[in-house]
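Please read all numbers here as calculations on a predicted model, not as lab measurements.
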Amino acid sequence: MTYQEYRALCEKIDFHMHEYYDLNASSITDMEYDLLMMDLKQAEKEHPEWVSADSPSQKIGGVAMREAGVKVTHNVPMLSIEDVFTKEEVTAWVDKVHELHPECTFSVETKVDGLSLTLRYETREDGKLHLTLAETRGDGLVGEDVTTNALVIPDCRQTIDAPYESLELRGEVYMSHEAFEAYNARQEAEGKKTAANPRNLAAGTLRQLDSSVTKERGLRMFVFNVQQGPGELTRSHTEGLEKLESLGVPVVTRFVCSTGEEVLEAIDRIADMRGSLDYDLDGAVVKIDQVAVREEFPAGTKYSSGHIAYKYPPEERVVVMDEILLDVGRTGKLTFTGVFHDRETGKPARLCGTNVSRATLHNQDYINEMQIGVGGAYRLFKSGEIIPKLSGMVSPPPLVFRAPETCPVCGALLVREEDTADIRCENGLCPAQLSRTVAYFASLDCMNIVGLGETLVDALVKGGFIRGYEDIYKLKDRREELLASGILGKEKNTDKILGAIEASKSREPDKLLCGLGIRNVGRTTAGTIMKHFASLEDLMAASRETLLELDDIGDTTAGCLLDFFADERNREAIRSMKERGVNTLMPRKETTDKLSGLTIVVTGTLPTLGRKEVQELIEKHGGKCAGSVSKKTSFLVAGEAAGSKLTRARELGIPVMNEAELLKMVE
């Protein structure tokens, strides 16, 4: 490798590090990244004079994101773990440790695929440890304060009942497969971009400025190390984790091993677990259990001493494509699913402990690039240990698949969206879209019609009772037909659902707007929009210029709103619902200007007001409720257990008041 090629490789790895650590995204697989790093390390081994402080091999992670929180210098550097890729390397490392310390044992642990977080605790008057600071890894030396978000993660214990003066723990924040799939289902339902994998979504979620978003997405955490603490937690690594576990702290799965053979067996046991876990792993970590001797086994300035991480090779099978299924989503988007069998066994492919016979084929561009068609053979692996993904063609099909020109469900013309790879059915009455559209309309975040789920909606659509969401409010007139059909059950259940439909009429129009399924207009956006209009009719009459003046509304969302309300069928549906008593008027709220021009941040637990209540109070009186403290903050309202925001306010000289003083201002 020439020096020019080496520098080009550094730049390429820097780009992917920036994507992964700072943008919570990745355009290559973990294995592809690992191979690049292996090439880099080999080049630096052959040419040590090329190595500089800015080499990717010398960097720990990304950078602390200024907009996501206050920067924090770590008490203990949050270093990476050196990767190894063969079991021979694992055995050699264990033997090296035993040459100097034959008595050493090892902890072999699950390497959870998430992002690191350190939690600092301090004792208070009640004798318990209280969480005072949560910090991301950042560049390993400086991270960001995300305490507010950590407080809404159930596994980040806010208090620990232990007689220590202070404690510092490090763990991995992750997202379960269930939470990840639920997020993507919501995004798909709202016509928004889905997340690529749980790790990236977890990273973006932890850095949210609004902790309610973090709470909604359901992050989890496992502790894997005691950074600082008393001797009973730091002499033996595994005994320290056992003590934490007894105190109710979630800790990683681990196996105590004495020999190299036992270490390899534990690595295999963790490999066998991957298919049954509800979260992703990206390897197994081997640690010297006796903490005091770890420093005798350094791995460079970037890596923690006394640790290695074994990276599992990606499981891969060759499959033959049997069929390509088409479906139409709630938003009209055409989806492609490949159905295949293992070329060797003739059965579903066995990967990571599960049987796989289907994989998403994304879009027509992807199909063309991969040359996917019935009869073709393709390499299959599991991305992030859960998502089946084709990684390349082995042998071409007789014919590459092409999407039809008309909708496979209703026969309407399919249209490819400009500047995207998405193909959509634009017939709003398409039965495939209708069942999902109406079920979404009736869901909790929208009109909240209890009991009217997608199964019943689908039956009502197939039975001819519903041809649009406005027909929900005509079902009352067809009660006898419904009873005769049995779709909603017997008389008691039918009346219960009809009663829920009647009750939904009084919901505020932001819920109705959300339920209309307009692309890019989900629950939060609908609520933001309707704060500026007295009624849904006023919104329908708004111009593009008016819409673009609203907070968080860009040209794309404005265009989606205008296109939707320009369709006479949609306008007629809204008129029909209004005629049947569905509310389109926003409630009148008395407002004052007592807090006009003030930006107010609230932290901690207030005596009488909840977070939503205090936000509504501030906005009612003309103020703006912000999520983080900055130089633009007018004052901070602090309650019990106020954390880093209070510290930051004092550093900036921002006035601090309590709930009573806020209430007095608006009397």
Partner residues of Asp289 under the side chain to side chain contact (heavy atoms under 4.5 Å, CB included) criterion, sequence neighbours left out: Thr105, Ser236, His237, Thr238
Ion pair Asp555/Arg544, N-O distance below 4.0 Å: yes
Those residues that, when tested against Thr599, pass side chain to side chain contact (heavy atoms under 4.5 Å, CB included) (two or more places apart): Lys624, Ala626, Ser634
Residue pair Val521, Leu513: steps toward the side-chain contact (heavy atoms from CB on, under 4.5 Å) verdict: CA-CA 8 Å; Val521 182; Leu513 175 61; 4.1 Å; yes
Flag for Glu109-Ser107: side-chain donor and acceptor within less than 3.5 Å: yes
Side chains of Lys511 and Cys514 in contact at under 4.5 Å (non-hydrogen atoms): no
Counterpart residues, side chain to side chain donor-acceptor pair (under 3.5 Å), relative to Arg507 (two or more places apart): none
Heavy atoms from other residues, nucleotides or ligands near NZ of Lys496 exceed 12 (cutoff 6.0 Å): no
Side chain proximity check, Leu141 to Pro77, heavy atoms < 4.5 angstrom: yes
N/O donor to acceptor pairs below 3.5 angstrom from side-chain atoms of residues 635-656, sequence neighbours left out:
residue : atom : partner : partner atom : Å
Ser644  : OG   : Asp145  : OD2          : 2.7
Lys645  : NZ   : Gly627  : O            : 2.8

Side-chain heavy-atom pair Gln227, His74 within 4.5 angstrom cut-off: no
Shortest non-hydrogen separation from Ser506 to Ala503 and the atoms involved: OG-O, 3.0 Å
Closest contact, heavy atoms only, Ala309 versus Ile81: N-CG2, 3.6 Å
Indicate every side-chain donor-acceptor pair of residues 439-451 with a distance under 3.5 Å to a residue at least two apart or in another chain.
residue : atom : partner : partner atom : Å
Ser443  : OG   : Tyr440  : O            : 2.6

Side chain to side chain contact (heavy atoms under 4.5 Å, CB included) partners for Lys128, two or more places apart: Asp126, His130, Asp161
Which residues share a side chain to side chain donor-acceptor pair (under 3.5 Å) with Ser596, sequence neighbours left out: none
For Glu508 against Pro587, the heavy-atom pair lying closest together: OE2-CG, 3.3 Å
Results of side chain to side chain donor-acceptor pair (under 3.5 Å) for Arg157 - residues two or more places apart only: none
Verdict with supporting geometry, Ile529 and Asp510, side-chain contact (heavy atoms from CB on, under 4.5 Å): CA-CA 8 Å; Ile529 291 171; Asp510 61 313; over 6 Å; no
Glu245 atom CD: more than 12 heavy-atom contacts under 6.0 Å: yes
Residue pairs passing the ring pair (Phe, Tyr, Trp, His ring centres under 6.0 Å) test where at least one lies in residues 189-226, sequence neighbours excluded: Tyr174-Phe222, Phe222-Tyr279
Distance-only side-chain donor-acceptor flag, Arg294 / Ser304, under 3.5 Å: no
Thr584 and Glu537 side chains, donor-acceptor separation under 3.5 Å: yes
Listed once per pair and sorted, the salt bridge (Lys or Arg N to Asp or Glu O under 4.0 Å) pairs that draw on residues 654-667, sequence neighbours left out: none
Partner set under side chain to side chain donor-acceptor pair (under 3.5 Å) for Glu613, not counting sequence neighbours: none
Pairs meeting criterion salt bridge (Lys or Arg N to Asp or Glu O under 4.0 Å) with involvement of residues 225-236, two or more places apart: none
Residues Arg170 and Ser116: side-chain donor-acceptor under 3.5 angstrom: yes
Trace of the side-chain contact (heavy atoms from CB on, under 4.5 Å) decision for Leu662 with Leu617: CA-CA 10 Å; Leu662 174 65; Leu617 177 72; 4.2 Å; yes
